[in-house]
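To keep things clear, I will list the structure first and then write my remarks on it.
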Amino acid sequence: MGLLKADKHSEAGAPPSMEMMQRMGTFVEEITKAGVMLSTDGLTPTSKGKRVRLSDGKVTVTDGPFTESKELIASYALFQVKTMDEAVKWTTRFLEVLGEGECELRPLFEASDFSPEETKR
């Protein structure tokens, strides 16, 4: 899974330019035809979100916006790749389309990552 870090533009909620939408459309078509893209979506700004926390049996709900901007996510993409190197390749290509940005790549757990004993718990 690729996670694009938010920035002041994504947090402002301004839509991308038509040029950016066209470039992104071309890229999404390319990565989909390659059989790599499973799912992708942009996220609304944190001003439209909430955080829900459970601690010591108490639920706390906090309305956005959230100020920890280096920890915020603007969009995600779910890839099906064979290696982390392949994920890095496609993510680099995505960032080249954007012109700049930072993504975090995280593999998803699969059933094969757990022993049969662990899955019975």
Side-chain angles (χ1 to χ4, degrees):
M1 175 175 271
L3 304 167
L4 176 65
K5 302 285 183 150
D7 61 20
K8 64 182 179 182
H9 301 292
S10 62
E11 278 298 291
S17 69
M18 280 303 277
E19 178 190 352
M20 176 60 71
M21 292 293 288
Q22 290 171 341
R23 290 194 335 246
M24 191 57 62
T26 300
F27 172 71
V28 169
E29 185 176 324
E30 175 188 350
I31 194 169
T32 302
K33 281 183 180 176
V36 172
M37 179 69 72
L38 297 179
S39 174
T40 186
D41 278 305
L43 303 174
T44 61
T46 62
S47 61
K48 296 184 179 187
K50 294 185 182 289
R51 286 189 177 161
V52 181
R53 170 175 283 175
L54 175 64
S55 179
D56 296 325
K58 180 181 176 195
V59 174
T60 305
V61 179
T62 305
D63 294 332
F66 308 118
T67 57
E68 305 86 18
S69 61
K70 68 181 181 178
E71 301 298 324
L72 303 178
I73 304 299
S75 67
Y76 76 92
L78 189 58
F79 305 137
Q80 185 167 342
V81 293
K82 292 183 171 87
T83 66
M84 183 60 84
D85 287 343
E86 187 180 356
V88 169
K89 174 190 137 195
W90 284 108
T91 301
T92 300
R93 177 79 179 89
F94 168 69
L95 290 172
E96 289 169 350
V97 169
L98 289 182
E100 63 180 20
E102 179 181 351
C103 288
E104 179 178 334
L105 295 174
R106 306 266 306 272
L108 300 179
F109 280 116
E110 296 182 25
S112 62
D113 293 325
F114 302 98
S115 70
E117 293 79 33
E118 290 174 336
T119 58
K120 291 180 184 177
R121 289 188 217 178

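The shown structure was predicted, so the numbers you read here are calculated from the model rather than taken from an experiment.
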**Request:** Determine, using the 4.5 Å side-chain heavy-atom cutoff (strictly less than), whether L108 and V81 are members of one ILVMFWY cluster.
**Result:** no
(request) State, with a plain yes or no, whether a side-chain heavy atom of T92 is found less than 4.5 Å away from one of E96. (result) yes
Transitive ILVMFWY side-chain link L78 to M24, under 4.5 Å
no
Test side-chain contact (heavy atoms from CB on, under 4.5 Å) on L98 and M20 and set out the steps. CA-CA 7 Å; L98 289 182; M20 176 60 71; 4.0 Å; yes
I'd like to check L95 versus E102 (side-chain heavy atoms, cut-off strictly below 4.5 Å). Are they in contact? no
Scanning both residues in full, the closest heavy-atom pair of V97 with R23 reads O-NH2, 2.6 Å
Would you say D7's side chain and H9's backbone share a donor-acceptor pair under 3.5 angstrom? yes
Here the pair of heavy atoms bringing T46 nearest to P65 is OG1-CA, 3.5 Å
Tightest non-hydrogen contact, residues T40 and Y76, listed as OG1-O, 2.8 Å
Donor-acceptor pair, distance only, cut-off 3.5 Å: does the side chain of T32 make one with the backbone of E29?
no
Subject >> F79 vs M1, side-chain contact (heavy atoms from CB on, under 4.5 Å): CA-CA, chis, key distance, verdict >> reply: CA-CA 6 Å; F79 305 137; M1 175 175 271; over 6 Å; no
Task: side-chain contact (heavy atoms from CB on, under 4.5 Å) between V36 and E86, intermediate numbers included - done: CA-CA 9 Å; V36 172; E86 187 180 356; 3.9 Å; yes
> Given side chains that start at C-beta, do those of M84 and L105 come closer than 4.5 Å, heavy atoms only?
Replying inline: yes
Separation between CG (L3) and SG (C103), nearest 0.5 Å, reads 8.0 Å
(Q) Quick check: is L4 connected to L72 through a chain of hydrophobic side chains (ILVMFWY, heavy atoms under 4.5 Å apart)? (A) no
Rounding to 0.5 Å, atoms NZ (K5) and CD (E71) come to a distance of 5.5 Å
- request: Check the hydrophobic clustering (I, L, V, M, F, W, Y; side-chain heavy atoms under 4.5 Å; chains of links allowed) and say if V52 and I73 are grouped together.
  value: no
In this structure, CD1 of I31 is separated from NZ of K89 (nearest 0.5 Å) by 9.0 Å
Looking only at heavy atoms, the pair that brings G13 and P45 closest together is CA-CG, 3.4 Å
Nearest heavy-atom approach of F66 to K50 is CZ-C, 3.7 Å
*Could you tell me whether the side chain of V88 reaches within less than 4.5 Å of the side chain of T83, counting heavy atoms only?*
no
